[in-house]
Structure formats: structure tokens, C-alpha cells
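These notes concern the structure reproduced below.
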Amino acid sequence: MVRLTVDLIAKSSNHKNRKNCSLPQYLKKLTHLNFSNKSIDDIDDLSMCRNLTVLYLYDNQLTHISNLDFASNLTHLYLQNNNITHIENLSSLQRLSKLFLGGNSITVVEGLEQLSELKELHIEGQRLPRGEKLIFDPRTVFALSGSLCVLNINNNNIDEVHDLAVLNNLTHFYAADNQLQYMQELETVFSKWPQLHRMDLRGNPVCHKPKYRDRLITVCGKLEDLDGKEINELSRQFLINWKASKEAKKKARNERFIAGEITYPFSADFLLGPQYPFAQNYAGFLGKRKPLESGRPSMKMRSDSVRTDCRGARVMIPASAHLATEMQESSKIQSQMAL
């Protein structure tokens, strides 16, 4: 393993090409330092490099972040693809604007409360324990709400983003290959990000929800690219008008209901039973009523009949008389069967 020291920097090819410059002078002028993919596992005291603005340490073997307190002028820090487990010792980097931590083993986004100028945070693809997800310290999220513009949290098993709603300055949001699945939550959060221009949610269950793309385009007024596909202004305006028309119709229907102009199937008609020969058909709920004969399927409606007597006169026979006669005949038949 290799430790990053001033001696290692002195042996670098860049310093050898500066023969007319002493090492202290060279280190003092140094603004960019690239030691990526050098098997570095630790950082020594580099305080002589106090004007350093960009530091490349990706693709190494670092397990922790240390000895960077001197770098008060650092604006870009590349630490992706190491073995880092915690975000720590960065509070002195108050000019840091871009931080790259993808491909490590970080489980909690924390320790960034002092980075008031941080605009980009890339923390995608953490090597998490099985069944765990990347979580966010609310203090860190709140502290970054005034500055953060780009957030990359791809492939971190994340299933909700409610805690990120305060990041109202985001312009780019990358959360592909996670476990996001609730449209309503996304609409609520994204409606609080008025500056959002580019977003990628590919590989999440929510992408298969009905009208997923239409709903997000509608709620994100300035979105220009969703899941790698450009959004044209004509399509956006059509969807916005469609949503406004739908909401207006819903509002009008609710107002009519409140005013009593619409009868819902929860009135007295609901009590209609077999004793009522005709009930109302509410199958259409708000549609036209249709008379529907109801009651038991075997039920027969009886009415009075008219007969003539021996002189030819018309005589009205009540339906109850028929019923009594039928009951007497039925009784006789049952008595004969019993014998």
C-alpha cells in the first residue's frame, strides 16, 4: 500500500520537469494534484500544498478521509471508488463546490453541515450491506438546502425521497436504479423543486405506473430532460392544459354535489326492497336513471281480475280472493298426500 506524502509528490514527473523551482515553491504553487489509481491507502500531512484547488484520489484504497484540514482553497475533491465508510473531516473545506464519493461503502450522508458552498454531491453506487439503503442525516440535508444544485444517488436501494424535499435549489437529480415506487410522494417532493431541469429515475418501480412521465412533466414546470428523453415545450403545455381542464371539471362536479344537484346512491331509495316493484338503477352512479324491475326473481305481481256472472254482468274479483282459493287448494292437496 502507498501513503500520499510530499516526498511522493516530489518524485512525480510533474516536479521533475520544474528544475528551476524548489520543492517548497512548487508545492506552494500547486493547484491541481492527480494521484488517482496509485493504490494509496492513507494521506499524510500535505499542508505545504495550501493553494490546492483540485485533488484527484479516485480508484485507490482509502478507508477514511483525513489530513485535509489544510486545503481551505479546495473546490473539487474526487474520492470515488475507494473503501471509505464514513464522511468525515471535511468541515474545513468551506470552499468545496464538488464532492465525488461514488463507489465507496458509505451508509449515511452526514458531516457536510459546514460546506455552505457545495453545489454538487455525487454519492452513487455505495457498496451497502444486504438489505440496507443509503440514508440522509436531516442536519446535513437542511444545511445543503441553500447551495446544492446537483445530487446523484443512483443505485443505493433508496425507497423514498421525502427527506430531500428541502433541497429546493436542485437543478439536476439522478436517482436511477433504486426502489422508488410511490407517484404521489414524488409529485409532492418535486413540486418543491422549481429549478429542476434534468432528472433520471430509470430502473425504479415507479416508472411502470400509469401516466408516470406525463404526471412528472406536469408537476416539474422547468424539466427539460426526463430519463434521458428530451421534453419539448409543446408537449408540456398540452399536459398542463389537460390537467387544468381535468381539475376544473372535478371542482365543478364537487360544487354541484354540495349544492344538491347530484343525487348519489346513498339516499332513501337505497331502502327499496322486494315490496317495491320498481327501483332506480344507479349503475351509472352519476348517469341517467333507468327504471329497473327488482325484487325476488320468482315474485309475481298480482292484480284484481274481472269475471261475468250467470246474467252476464261483469264482477270484480279481488286478488286476495284468488290467493285464498289457491291456499285452500294447496292445503287439500297436502292433506291427501299425507293420507
Side-chain angles (χ1 to χ4, degrees), residues 1-15 23-24 26-129 132 134-144 147-148 150-153 156:
M1 296 299 179
V2 180
R3 184 180 180 88
L4 180 59
T5 63
V6 291
D7 291 334
L8 184 61
I9 297 173
K11 295 176 182 178
S12 67
S13 58
N14 289 334
H15 176 60
L23 178 59
Y26 168 65
L27 294 176
K28 183 178 180 180
K29 294 180 180 180
L30 192 64
T31 58
H32 290 63
L33 186 61
N34 189 346
F35 274 85
S36 59
N37 196 22
K38 301 293 185 181
S39 298
I40 294 173
D41 64 340
D42 197 12
I43 303 172
D44 201 2
D45 179 12
L46 303 179
S47 56
M48 296 180 70
C49 307
R50 58 178 177 270
N51 288 315
L52 200 64
T53 58
V54 180
L55 178 59
Y56 299 95
L57 289 174
Y58 58 87
D59 295 337
N60 282 297
Q61 302 297 321
L62 293 169
T63 57
H64 58 280
I65 304 172
S66 62
N67 289 328
L68 292 179
D69 294 344
F70 72 93
S72 58
N73 293 311
L74 199 67
T75 59
H76 295 57
L77 179 58
Y78 297 82
L79 292 172
Q80 61 267 46
N81 300 326
N82 280 277
N83 296 314
I84 299 169
T85 57
H86 295 87
I87 303 175
E88 56 188 350
N89 301 321
L90 295 177
S91 58
S92 298
L93 312 184
Q94 296 186 13
R95 294 187 181 180
L96 194 67
S97 63
K98 296 184 180 182
L99 177 59
F100 296 82
L101 291 168
N104 282 284
S105 299
I106 297 167
T107 57
V108 182
V109 179
E110 59 185 347
L112 304 177
E113 291 84 349
Q114 304 301 319
L115 306 187
S116 58
E117 296 187 19
L118 190 67
K119 295 186 180 300
E120 296 189 21
L121 175 59
H122 301 263
I123 195 164
E124 73 282 0
Q126 297 303 307
R127 297 188 292 272
L128 301 167
E132 292 193 18
L134 183 69
I135 60 176
F136 297 82
D137 186 333
R139 295 170 297 181
T140 288
V141 175
F142 182 77
L144 296 178
S147 62
L148 198 65
V150 179
L151 178 60
N152 185 346
I153 54 173
N156 280 312

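- Atom CD1 of I123 sits about 11.5 Å away from atom CD of Q80, to the nearest 0.5 Å.
- Here the CD1-CG distance, from I84 to L101, works out to 6.0 Å after rounding to the nearest 0.5 Å.
- For D137, the salt bridge (charged side-chain N to carboxylate O under 4.0 Å, His left out) partners are R139, not counting sequence neighbours.
- Here the straight-line distance linking atom CG of D69 with atom CG of N67 works out to 7.5 Å at 0.5 Å rounding.
- Residue pairs meeting the salt bridge (charged side-chain N to carboxylate O under 4.0 Å, His left out) criterion with at least one member in residues 105-127, sequence neighbours excluded, are K98-E120.
- Every residue two or more places apart in sequence or in another chain that forms a side chain to side chain contact (heavy atoms under 4.5 Å, CB included) with L8 is listed here: V2, L4, T5, F35.
- Pairs engaging residues 79-104 under the ring pair (Phe, Tyr, Trp, His ring centres under 6.0 Å) rule: Y78-F100, F100-H122 [sequence neighbours left out].
- The CG atom of L134 sits 8.0 Å away from atom CD1 of I106, with the distance rounded to the nearest 0.5 Å.
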Show me the donor-acceptor pairs, under 3.5 Å and distance only, between side chains in residues 46-58 and residues at least two apart or in other chains.
unit_1: S47; atom_1: OG; unit_2: D45; atom_2: OD1; d: 3.0
unit_1: N51; atom_1: ND2; unit_2: K28; atom_2: O; d: 2.8
unit_1: T53; atom_1: OG1; unit_2: T31; atom_2: O; d: 3.1

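- Distance CG/N104 to OG1/T85: 9.0 Å, rounded to 0.5 Å.
- Between L90 and L77 the shortest side-chain heavy-atom distance falls below 4.5 Å.
- In this structure the side chain of P129 reaches within 4.5 angstrom of the side chain of T107, judged on heavy atoms.
- Among all heavy-atom pairs drawn from T140 and G111, the shortest one is OG1-N, 3.3 Å.
- Smallest separation of non-hydrogen atoms from N89 and S66: ND2-CA, 4.1 Å.
- Considering all non-hydrogen atoms of both residues, N82 and D59 come closest at ND2-N, 4.1 Å.
- Remark: L68 CG to L79 CG distance equals 7.5 Å, nearest 0.5 Å.
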Show me the donor-acceptor pairs, under 3.5 Å and distance only, between side chains in residues 36-43 and residues at least two apart or in other chains.
unit_1: S36; atom_1: OG; unit_2: N34; atom_2: OD1; d: 2.9
unit_1: D42; atom_1: OD2; unit_2: R3; atom_2: NH1; d: 2.2

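- The minimum heavy-atom distance between Q126 and N156, with the atom names listed, is N-OD1, 2.9 Å.
- Side-chain contact between H76 and S97 is present, with at least one heavy-atom pair separated by less than 4.5 Å.
- Between Q94 and S116, the shortest heavy-atom contact is O-OG, 4.5 Å.
- Nearest heavy atom pair, residue I87 against residue L112, reads CG2-CD2, 3.6 Å.
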